[in-house]
Amino acid sequence: MKKIFNLAVAMSVIASSLFFASCGEDEDEDETPKQEQNNNDNNNSNGNEGQQGNDNTVDEGTTSITAVAGDSYSISNAKLGISGASLSIVDVTGSTVTVTVSGASITIGSANADKSYAIVASDGYVTAASMSDAKANPEKVLFICKSGSVLASGTEAANADIKAGAGKTTFTKQ
């Protein structure tokens, strides 16, 4: 009987040490994914999902941003032959956004259907354009003012012709 008791005590000591070691290893394995998930959440909160103010930490570029005065981005659109053009947010007033794109100043806004799209002219000059201009030249739409002060690639436009015709524009925070 004493042998069985001693064996049971020895087994419980071994089992409990394995249990605690196992928990410790699981905890270490979980830490890395949690940190990666937090980093991904931070990027996504400023990328394609709802954006938040000046905390944008966009590394790879996203197809939409919330415009915040003073922020600067590098924008690219392979279909339009644009790579690394500079975009500066000059002013945000309600749903109207004033930006400077490679030296050209334009004002667009989701509340103003006459000037709700940024369009690239044939000479590479970027101008604000009406929806009718964007529908007539969907392949030249660089970005839109999607809603409020969200700037987005033309590929995110509600209009099917513009969505299909526009090349993907990415915004990378500088």
Can you tell me how far the [atom1] atom of [X] sits from the [atom2] atom of [Y], to the nearest 0.5 Å?
X	Y	atom1	atom2	answer
I65	D71	CD1	CG	7.0 Å
K173	S74	NZ	OG	13.5 Å
T127	I108	OG1	CD1	10.5 Å

**Prompt:** What residue among V126, V90, I106 forms side chain to side chain contact (heavy atoms under 4.5 Å, CB included) with T100?
**Reply:** V90

Taking the side chain as every heavy atom from C-beta outward, state whether [X] and [Y] have any atom pair closer than 4.5 Å.
X	Y	result
V120	I82	yes
I162	K135	yes
V99	L151	yes
F143	Y117	no
L142	I75	yes
M131	D133	no

**Residue K79 excluded, over 12 heavy atoms near NZ under 6.0 Å** = yes

**Prompt:** Looking only at atom types and distance, does a side-chain atom of S153 sit under 3.5 Å from a main-chain N or O of T169, one as donor and one as acceptor?
**Reply:** yes

**Asked** Does S76 use its side chain to pair, donor to acceptor, with the backbone of G84 at less than 3.5 Å?
**Response** yes

Minimum-distance pair of heavy atoms, taken over all atoms of [X] and [Y]:
X	Y	value
T172	G61	OG1-CA, 3.3 Å
C145	S95	SG-O, 3.8 Å
G154	V141	CA-CG1, 3.9 Å

**Message:** Walk me through whether L87 and F171 qualify under side-chain contact (heavy atoms from CB on, under 4.5 Å).
**Reply:** CA-CA 9 Å; L87 169 83; F171 301 82; 3.8 Å; yes

**Asked** Do the charged groups of K163 and E156 touch, with an N to O distance under 4.0 Å?
**Response** no

**Asked** Listed by chain and number, what are the side chain to side chain donor-acceptor pair (under 3.5 Å) partners of T98, not counting sequence neighbours?
**Response** T107

**Request:** Identify, with sequence neighbours excluded, every residue that meets side chain to side chain contact (heavy atoms under 4.5 Å, CB included) alongside S149.
**Result:** T66, A67, V92, V97

